[in-house]
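The next block holds one structure in the form of structure tokens; read it before the comments.
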Protein chains: 2
Amino acid sequence: MRKSAGVAEVPQKVQGNLPKTARGEATRRAILAAAERVIGSKGYNDASIGHITSEAGVAQGTFYIYFTTKEQVFSELVLEMGRLVRHEIAEATQGYENRLDAERAGLKAFLEFVQAHPDLYRIVQEALFVDPDAYQEYYETFAAGYKSGLVAAEAAGQISEGDADTRAWALMGIAKSLGEQLVVFKSDKPIPDIVETAYSLIERGIRP
Amino acid sequence: MRKSAGVAEVPQKVQGNLPKTARGEATRRAILAAAERVIGSKGYNDASIGHITSEAGVAQGTFYIYFTTKEQVFSELVLEMGRLVRHEIAEATQGYENRLDAERAGLKAFLEFVQAHPDLYRIVQEALFVDPDAYQEYYETFAAGYKSGLVAAEAAGQISEGDADTRAWALMGIAKSLGEQLVVFKSDKPIPDIVETAYSLIERGIRP
DNA sequence: AATAAACATGAATACTGATTCATGTTTCAT
DNA sequence: ATGAAACATGAATCAGTATTCATGTTTATT
């Protein structure tokens, strides 16, 4: 149901009119940023278009120049979050040729990112109810990357044998849960300590 | 703001009128069961009182005889879920005097439970947005139990040393994530296989 | 059998909030 | 400089739905 017959279409993912001037560009960005703050703090349902536009400093109708529905801004935020997290972790694990070292660095980067962006974290969680497809894509993309890393590491003899898929989900679960403890349950445990304990478990758990 | 001054109050947690006859008892139960199905499948916001009562086969007004607000049924479902899960796991880990054996049995029981009650699983997740207090209580209660088990096992020399709190959240995260893969991402991987892989990771991760 | 308390009904209330639209204002290519 | 396209406005529309309430029915107790 993505393409209508015959006509070649834009390969973009965004719906709604994209801005065509610098002014429009700025406005769209302002709305998106406001949506992140408002939805992140109040939740999807309590975040009204009115709240978002007033936070962005524009009129209510302006919202619909750039987005077709409330749900659409939300999806866009989830996509953005995915790109950001993957980028952050890729950055942090750059240059480690040993999987286990990369694992530790990735966990640390993830926790730091989550602590710095509690809003986006909540938004992704809420996507399970607001936009299940976006939620699935987020985690499946993440899991796929994780899995292929594990497969490679196993082939290189850097970790023991074991089903990479289940391992990927288990390791993601550890990170997600520790991140949640940090931002949802407001733990004040220092990140390095958390990483030490968790990494020790992981390292023993999957080393050759 | 829980108690008004002076007067002794009921030590119960439930709000709203409790039924006083068998008939009322049955009606209340029917509404609760309907709420579980409807909220579990449509999500909190799309599940209207009308949907719930019609699913329960009663009039809309009847809802307010037993519950004060829509949020209240929801909270009650979350509480029920917590009791059920803890009971299930306590049952399953009964009789193992070794923590590691108990760990494996608990993981298996959890995954089986989640697969059998996908609705309740989603409800607990949604609680983060609908009723954060209930959500926190759910996980903190769970984590506290987990942690004390780990502390005891460590004292008994059944597992290696390590911060029990962080370990508890990490292990909970593994279970939660694998459960999610099962019911949200509809994986068809057999539970015993999942348990084998995950347990192997955990066992190596925390054994003495 | 009679009466009060419980229980049940469903239409009416009351409000919220997403989306539309007719009307202006600004930007930009020519 | 000027007209068309972009952009912006905010009041009005429109629908959904949580909660209330006046009225009726059932149950338990005497």
Checking all strands, does B:Thr62 fall into the base, sugar-phosphate, or nothing category for heavy-atom contacts under 4.0 angstrom? base
Short of 4.0 Å, heavy atom to strand atom, which residues of residues 34-56 of chain B count as contacting DNA chain D? B:Ser48, B:Ile49
Rounding to an integer number of Å, can you tell me how far B:Ile31 CD1 sits from D:dA18 C1'? 15 Å
On DNA chain D, compare the nucleotides closest to A:Ile65 and B:Ala22; which residue's is nearer the 5' end? A:Ile65
Mind checking what makes ring pair (Phe, Tyr, Trp, His ring centres under 6.0 Å) contact with B:Phe74, not counting sequence neighbours? B:Tyr44
First and last nt of DNA chain C near chain B, cut-off under 4.0 Å to heavy atoms, 5' to 3', are C:dA6 to C:dG10
Non-neighbouring partners of A:Ala92 that pass side chain to side chain contact (heavy atoms under 4.5 Å, CB included), sequence neighbours left out: A:Ala109
Which residues pass the ring pair (Phe, Tyr, Trp, His ring centres under 6.0 Å) test with A:Tyr96, sequence neighbours left out? none
Can you name the ring pair (Phe, Tyr, Trp, His ring centres under 6.0 Å) partners of A:Tyr121, sequence neighbours left out? none
Quick one: list whatever passes side chain to side chain contact (heavy atoms under 4.5 Å, CB included) with B:Lys20, sequence neighbours left out. none
Without decimals, in angstroms, what is the distance between A:Gln60 CD and D:dT13 C1'? 13 Å
Report the residues that fulfil side chain to side chain contact (heavy atoms under 4.5 Å, CB included) with B:Glu91, sequence neighbours left out, ordered by chain and then residue number. B:His87
Closest non-hydrogen atom pair between B:His51 and B:Asp46, with its separation: ND1-O, 3.3 Å
Both B:Gly61 and B:Lys20 contact DNA chain C. Which one's nearest nucleotide lies toward the 5' end? B:Lys20
Residues at least two apart in sequence or cross-chain that pass ring pair (Phe, Tyr, Trp, His ring centres under 6.0 Å) with B:Tyr135, listed by chain then number, are B:Tyr139
